[in-house]
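Convention: sequence-line order gives letters A, B, ...; per-chain numbering from 1.
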Protein chains: 2
Amino acid sequence: MVTIHDVALKAGVSVTTVSRVLNNRGYISESTRSKVYRIMEELNYHPNEIARSLLRKRSNIIGLIVPDVSHPFFAELANHVEYYAYQDGCKVLLCNSHLDPVKEKEYIEMLKRNMVDGIVMGSHTLQVDDYRNLHSPIVTIDRQIDEEIPYISSDNYRGGELATELLIAKGCKKIAHICGNLELKLLANKRSSAFRDVMSRHDIEYVIIQTDMNVFDHAQYGSIIERLLREHPDVDGIFATSDIIAAFALKGCIKAGKKVPEDIRIIGYDDIGAVSWFEPELSSIKQPISEIGRLSVELIRKQRDGEPFIRENILPVELMERSTT
Amino acid sequence: MVTIHDVALKAGVSVTTVSRVLNNRGYISESTRSKVYRIMEELNYHPNEIARSLLRKRSNIIGLIVPDVSHPFFAELANHVEYYAYQDGCKVLLCNSHLDPVKEKEYIEMLKRNMVDGIVMGSHTLQVDDYRNLHSPIVTIDRQIDEEIPYISSDNYRGGELATELLIAKGCKKIAHICGNLELKLLANKRSSAFRDVMSRHDIEYVIIQTDMNVFDHAQYGSIIERLLREHPDVDGIFATSDIIAAFALKGCIKAGKKVPEDIRIIGYDDIGAVSWFEPELSSIKQPISEIGRLSVELIRKQRDGEPFIRENILPVELMERSTT
DNA sequence: TTGTAGGCGTTATCAC
DNA sequence: GTGATAACGCCTACAA
């Protein structure tokens, strides 16, 4: 490995001078500058970021903790977080919690030991206190820990309203809502509150079905749908809290011989790319994932640099009507 | 930030001793050991990994460069690489090249400056020489750079055979193959070679359509399919080189009023999760992505530690027959 | 305009 | 068993 000393030696100057050239600090004569540059080139020198980080007490790394990047929503989130982090001169350390609190906690410790600039928390398996005592810039996605920790979410309540109102407007008389486990205190639960509110307002019959805690166990969806259609054969509208669930609902309906959207209308949530790869294309509520990613990085940076920042960030959602409603 | 010095001071021992306790090296009396542990606890001390890395000349980080994590294949790859890296005590730095050679090169430089243990290259926008002169443990996915650099791919040729032979066995009389741009010297091109070989052997009519370089521009797929069906209305089998393309083909066929698989049979490649979320479920060739991830990490580790390793790693594929064939 | 010296937090080496 | 001390590669006062 070639260090700043090697360059200094070969260039016949001190390490300070090389460092100055490197960082464009202070005054250097044009001749030494170009000489140093030439030697750096010759030796193929690249400054050691680790040494820099040690000095700076910061690694320019953003830790991104998600349940599972292979889930389309988090894959897109990771994609955008990386995009904006890169623009900020930061790197992204990818951490899957795989819904394991131990792993999530270990990752948090690891990130702190590596002096990351901050942590974007997309996974939430720990207790509130564990997040509170981080002493590191942090942003949570879709969960509000307390007054202090900034969070980002899309307007879940509005999303729930939009989806529900659409089904009603289309004339649905009995609507099923399939949501995640409401025990988890996620902001996504507001979609369900909105559903309940709108339905009560319109005095339409409805059922709410909670899925298992494990969002990644897709096997459960098939049977949940089947049971729903069996126990409530008169359901003519389904609002699913994710596109994946909605896709399984669609599949279940087709298998059960129902026509979509004629017999039963279906709308999902997230607007992941895959919904438009298949036919019929799924109606969905679109979250501004790119903006969520951008804001995550910005909020980390602002906290890190001691700039003021907003703690509650609720982003607008958009109804994407396609062929299943 | 609390350092090893603070612990040493409060415990009334030297930093050396604390370091020994920390790393379980040399002899320490049980009493000092427990005292040190207690103080570490009290002070909530966590060793600074950056300082360690500086000394060790290694960050325990694996750089993962992919075109785009939001693509299901790479999302799954990232997921598994992270899984196995974690088991090895390594972290994963996520790098999207977004098909930009400049960004890819900058990422490579950055990773070297950060003394990563190695680089998993899933993106290939650079020239062969750029990869050759890395002087860092590296593994390429689905591309063979030269004799030296280890690569991992699934058995693309066999995959191509399986897909093609299935369509033929089902009685297809005119088969279209939609593949990526063959200019790019990717091992995935062997799928197309296999297709051509098998078709010639059986003397069946076929067409081969290359898509654009940009794999992430899904907009092109719709029109490609439409044109295919228009120019070759008698095609009764499609072998697409990715599930996404296959999904668009499926959609195009349905829109064109064709019944799948009765009028036309379709098979994709990769077996991404999404294919089984929708109806009809897509037949596909499954790549062992988990094993690819595991091997990537193993090959980095072996190179890093100077252990012997295998340079050519071709993993078996599997035919997943579902409802579209 | 350039150089010397000290320190970032840790571990390895060698003494005691 | 334990403790000084010197690295690791870089940057930044301060001095010249």
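Distance, B:H46 NE2 to C:dT10 P: 12 Å, rounded to whole Å. If you measure from atom NZ of A:K57 to atom P of C:dT10, you get 10 Å, rounded to the nearest angstrom. Here the P atom of nucleotide D:dC11 and the CD1 atom of A:I50 are 14 Å apart, to the nearest Å.
Judged as a salt bridge (charged side-chain N to carboxylate O under 4.0 Å, His left out), the pairs with a partner in residues 289-300 of chain A (not counting sequence neighbours) are, in order, A:E291-A:R294, A:R294-A:E298, A:E298-A:K302.
Along DNA chain D, the nucleotide closest to B:L55 and the one closest to B:S29 are compared, and the more 5′ of them pairs with B:S29. Residue A:R33 is the one, among A:R33 and A:V15, whose nearest nucleotide of DNA chain C lies closer to the 5' end (criterion: closest heavy atom).
Between B:R56 and D:dC8, a side-chain N or O to OP1/OP2 separation shorter than 4.0 Å is absent. In this model, the phosphate group of C:dT11 is approached by a side-chain N or O of B:N23 to a distance below 4.0 Å at OP1 or OP2.
Each of C:dT11, D:dC10, C:dT10 was ranked by its minimum atom distance to the side chain of B:S19; first place goes to C:dT11. Closest approach to the A:T17 side chain among C:dC8, C:dT11, C:dG3 is made by C:dG3 (side chain taken as heavy atoms from C-beta onward). Here the nucleotide nearest the side chain of A:L54, chosen from C:dC14, C:dT10, D:dG9, is D:dG9. Residue B:S14 places its side chain closer to D:dA4 than to any other of C:dT10, C:dT2, D:dA4. Listed nucleotides C:dT10, D:dT12, D:dG9 differ in distance to A:T16; the shortest reach to its side chain belongs to D:dT12.
Atom NZ of A:K57 is separated from atom CD1 of B:I50 by 10.5 Å, given to the nearest 0.5 angstrom.
Under the salt bridge (charged side-chain N to carboxylate O under 4.0 Å, His left out) criterion, A:R143 pairs with no residue, sequence neighbours left out.
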Stepwise side chain to side chain donor-acceptor pair (under 3.5 Å) check, B:S123 with B:E104:
CA-CA 8 Å; B:S123 176; B:E104 184 172 329; 2.9 Å; yes

